[in-house]
Amino acid sequence: MGVSHITEPNAPPDPGAGTRSEYRAAVIGTGFMGRVHARAIRVAGGRVVGVAGSSPEKARAALGPLGAERAYDDPEALIARDDVDVVHVCTPNHLHAPLALAAIAAGKHVVCEKPLSTDAATAERMAAAAAEAGRTATVPFVYRFHPMVREAREKVRSGAVGRLNLAHGSYLQDWLLRPGDDNWRVDADLGGPLRAFGDIGSHWCDLLEFVTGDRITRLSAQTSTVNDSRGADARPVATEDVVTLQFATRGGMVGASVISQVSAGRKNRLLLEVSGTEMTLSFDQEQPELLWQGGREASNLLMRDPDTLSPAAGRFARVPAGHAQGYQDCFDAFVSDTRDAIDGAAPDGLPDFTDGLRAARIAEAVLESAQGSTWVEVPE
Ligand SMILES: NC(=O)c1ccc[n+]([C@@H]2O[C@H](COP(=O)([O-])OP(=O)(O)OC[C@H]3O[C@@H](n4cnc5c(N)ncnc54)[C@H](O)[C@@H]3O)[C@@H](O)[C@H]2O)c1
């Protein structure tokens, strides 16, 4: 591996403020997530000491947008640097495992994008490697960080929802609706054998299990590839556009979910609804300041208001009620909690590599079920 790098420093912020350990981050991947992670790192008081991408030119072009201090030709040379504490892996899915494992082997903490791996056995190795090394290793299931998601979780925890019996919802997008719509995610070699499910279904299942504290034990899935060729060259595509899923949980819930990247007009509509013997809760990611609370006699729409939120949810309120906060705030909170974990804290609800492994196991069960047209048990 070459070790050349291009030095174009942005001024590093004042170090030494406060007593926390440093958070000197390497960001690998310069796309949507690279930018979102870099912003969250800076908000958490960290520095982006280096960035690497798919080419030296892309890394250099990302210096300004990411606020990075140096651009590197080679991700592995960046990972190896002594002045890197944490590696953020923001690349296409097939690179998550090699880069995260290289970071752990180099003694770094890791933030690795979902899906942690494109197969469960590799995700298991990654979780084991992180545990063995004693490093903080987190996965951005960031919808957990919406205050109204935490509020829903607290209502379930407190018993206010009653005994849970039903969960359902969907995660719908439309950016891959047309045959001309294309992305690396479409190709199984880069994105993994399950595309829509790995990309967004993993978020839905994580949110379900996070809010309810319950676990999917068995499932039945079917997949559909609406566009079986894509791109200017109309190359054949094997990965699915749609997944429909039925499941049962350890706690006695039954439920269903629809995952789609070809639903016209739906941009990023993650909807989760859970019903118990006392009430129903419904959260829509496109209206994240609200939580619908349904009751037999009366229903109401709860607003994110720091004055009325439970402490567990109020911890994530960044601005007063009525001043909308959203997706980037979730990332900021996630990286801030990752930083606290590195400093020895145990932030409630911080998704780590075991959660990434859990998502990989569910994905594998979905694939097996869809391929075999059968119900499949999901391993704990
Ligand atoms: N947690 C979330 O909410 C969330 C949201 C979107 C995407 N993601 C995940 O983040 C990851 C990146 O997705 P994205 O939307 O940013 O994709 P993107 O296409 O916008 O960016 C991917 C980047 O990967 C980099 N890259 C490609 N090949 C590389 C290589 N060989 N070496 C180094 N870098 C390389 C490139 O810089 C590219 O810009 C994916 O795994 C995706 O599943 C997570």
Side-chain angles (χ1 to χ4, degrees), residues 1-31 33-92 94-113 116 125-126 129-140 331 334-344 352-353:
M1 299 272 178
V3 291
S4 64
H5 65 260
I6 308 133
T7 305
E8 263 173 58
N10 286 325
D14 176 26
T19 55
R20 302 179 89 184
S21 53
E22 287 197 273
Y23 194 101
R24 296 168 300 180
V27 174
I28 306 176
T30 59
M33 276 306 105
R35 291 189 299 275
V36 169
H37 281 238
R39 226 171 282 134
I41 290 162
R42 293 198 308 277
V43 169
R47 289 162 51 198
V48 182
V49 294
V51 61
S54 53
S55 68
E57 295 71 30
K58 275 198 164 179
R60 203 164 31 229
L63 277 170
L66 268 65
E69 294 167 25
R70 292 186 185 83
Y72 286 78
D73 294 0
D74 174 7
E76 301 215 13
L78 173 55
I79 288 171
R81 285 196 59 96
D82 287 342
D83 62 357
V84 167
D85 307 303
V86 191
V87 176
H88 285 244
V89 179
C90 306
T91 60
H94 71 300
L95 296 171
H96 292 179
L99 291 170
L101 286 168
I104 292 166
K108 313 298 181 180
H109 305 286
V110 192
V111 176
C112 181
E113 266 303 345
L116 186 56
R125 269 201 302 127
M126 296 166 79
E132 202 170 311
R135 299 288 86 182
T136 295
T138 60
V139 179
F331 256 96
F334 161 76
V335 173
S336 173
D337 275 6
T338 296
R339 186 173 184 191
D340 286 348
I342 289 170
D343 281 344
D352 63 16
F353 273 26

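- Going from atom CD1 of Ile41 over to atom CZ of Arg339 covers 11.0 Å, rounded to the nearest 0.5 Å.
- Smallest separation of non-hydrogen atoms from Val51 and Ala62: CG2-CB, 4.3 Å.
- Atom CG of Asp337 and atom OG1 of Thr136 lie 11.5 Å apart (nearest 0.5 Å).
- Using a 4.5 Å cut-off on side-chain heavy atoms (C-beta onward), Ile28 and Ile79 make contact.
- Pairing each heavy atom of Val335 with each of Ala40, the nearest pair is CG2-CB, 3.6 Å.
- Rounded to the nearest 0.5 angstrom, Thr138 OG1 and His88 NE2 are separated by 7.0 Å.
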* To do: Kindly indicate, with the supporting measurements, whether the criterion side chain to side chain contact (heavy atoms under 4.5 Å, CB included) is fulfilled by Val84 and Val49.
  => CA-CA 7 Å; Val84 167; Val49 294; 3.8 Å; yes
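- Here the OG-CZ distance, from Ser55 to Arg60, works out to 8.5 Å after rounding to the nearest 0.5 Å.
- When side chains are defined from C-beta on, Leu99 counts as touching Pro75, because their heavy atoms get closer than 4.5 Å.
- Closest approach of Pro140 to Cys112, counting heavy atoms only: CD-O, 3.1 Å.
- Scanning both residues, Val139 and Asp352, for their nearest heavy atoms gives CG2-O, 3.7 Å.
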* To do: Test Leu66 against Arg35 for side chain to side chain contact (heavy atoms under 4.5 Å, CB included), laying out the working first.
  => CA-CA 6 Å; Leu66 268 65; Arg35 291 189 299 275; 3.6 Å; yes
* Asked: Passes side chain to side chain contact (heavy atoms under 4.5 Å, CB included), Val86 versus Val111? Steps please.
  -> CA-CA 7 Å; Val86 191; Val111 176; 4.2 Å; yes
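- Taking each heavy atom of Ala129 and Ile104 in turn, the nearest pair found is O-CG2, 3.6 Å.
- Of all non-hydrogen atoms in Thr30 and Gly53, the two that sit nearest each other are CG2-CA, 4.0 Å.
- You'll find the side chain of Thr338 reaches within 4.5 Å of the side chain of Tyr23, heavy atoms only.
- A donor-acceptor pair is defined here as one N or O able to donate and one able to accept, closer than 3.5 Å; no such pair exists between the side chain of Arg135 and the backbone of Ala105.
- A salt bridge does not link Arg24 with Asp83: every distance from a Lys NZ or Arg NE/NH1/NH2 to an Asp or Glu carboxylate oxygen is 4.0 Å or more.
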* Which is it for Phe353 and Val110 under the side chain to side chain contact (heavy atoms under 4.5 Å, CB included) test, yes or no, and what are the steps along the way? -> CA-CA 9 Å; Phe353 273 26; Val110 192; 4.2 Å; yes
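- The line from CG of Asp73 to NZ of Lys58 is 14.5 Å long, rounded to the nearest 0.5 Å.
- Counting only distance, with no hydrogens or angles, the side chain of Lys108 and the backbone of Ala25 share no donor-acceptor pair below 3.5 Å.
- Side-chain atoms of His96 come within 3.5 Å of backbone atoms of Glu113 as a donor-acceptor pair (strictly under, hydrogens ignored).
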